[in-house]
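Hydrogens, waters and symmetry mates are skipped; everything else that's a heavy atom, side chains included, is used. Please read these numbers as outputs of a predicted model, since none were measured by experiment.
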Amino acid sequence: MLEHAPRRSARIAEEIRGEMGYQNRTLKELSAATGISMAILRRRLTGEKSFYVEELERICRYLNISVIDLIERTEL
């Protein structure tokens, strides 16, 4: 059975928030480093809207993790 995209988006957002907390990074810093507006990041990080691949690449580059590792963390 295929998983619903909103559930996966929420888990990806949760992982990013967790990694930001672990690295003591703020939303403002993430926005400045990635060029993604704070308003868009807020919607993405709450799981309200899904991330675009390009956004995930920029976020992961900033957090020094791979997109593949991030996605694998969300699989159960």
Could you tell me the separation between the [atom1] atom of [X] and the [atom2] atom of [Y], rounded to the nearest 0.5 Å?
X     : Y     : atom1 : atom2 : result
Ser9  : Glu48 : OG    : CD    : 11.5 Å
Ile12 : Ile71 : CD1   : CD1   : 3.5 Å
Leu56 : Ser50 : CG    : OG    : 9.5 Å

Any idea which heavy atoms bring [X] and [Y] closest together, and the distance?
X     : Y     : value
Arg43 : Thr46 : O-OG1, 3.1 Å
Leu30 : Leu45 : CD2-CD1, 4.3 Å
Arg58 : Ile36 : NH1-CG1, 3.9 Å

### Message
If the condition is side-chain hydrogen bond (donor to acceptor under 3.5 Å, both in side chains), which residues does Arg44 pass it with, not counting sequence neighbours?
### Response
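If we apply the side-chain hydrogen bond (donor to acceptor under 3.5 Å, both in side chains) test to Arg44, skipping adjacent residues, the hits are Glu55.
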### Task
Test Arg8 against Glu75 for side chain to side chain contact (heavy atoms under 4.5 Å, CB included), laying out the working first.
CA-CA 9 Å; Arg8 172 59 67 89; Glu75 296 175 354; 3.6 Å; yes
Show the atom names and distances, to 0.1 Å, of all donor-acceptor pairs under 3.5 Å that link a side chain in residues 61-68 to residues at least two apart or in another chain.
residue	atom	partner	partner atom	Å
Tyr62	OH	Arg25	NH1	2.8
Ser66	OG	Asp69	N	2.9
Ser66	OG	Asp69	OD2	3.2

### Query
Given the rule that I, L, V, M, F, W and Y join up when any side-chain heavy atoms are under 4.5 Å apart, are Ile59 and Tyr52 in one cluster?
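Shared cluster, no.
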### Query
Considering residues at least two apart in sequence or located in another chain, which fulfil the side-chain contact (heavy atoms from CB on, under 4.5 Å) criterion with Ser31?
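For Ser31, the residues satisfying side-chain contact (heavy atoms from CB on, under 4.5 Å) (neighbours in sequence not counted) are Met38, Leu41.
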### Query
With the threshold set at 4.0 Å, does a side-chain nitrogen-carboxylate oxygen contact exist between Arg73 and Glu19?
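Judged by the 4.0 Å cut-off on N to carboxylate O distance, Arg73 and Glu19 do form a salt bridge.
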### Task
Look at the side chain of Gln23 and the backbone N and O of Met20, then say whether any donor-acceptor pair between them is shorter than 3.5 Å.
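Absent.
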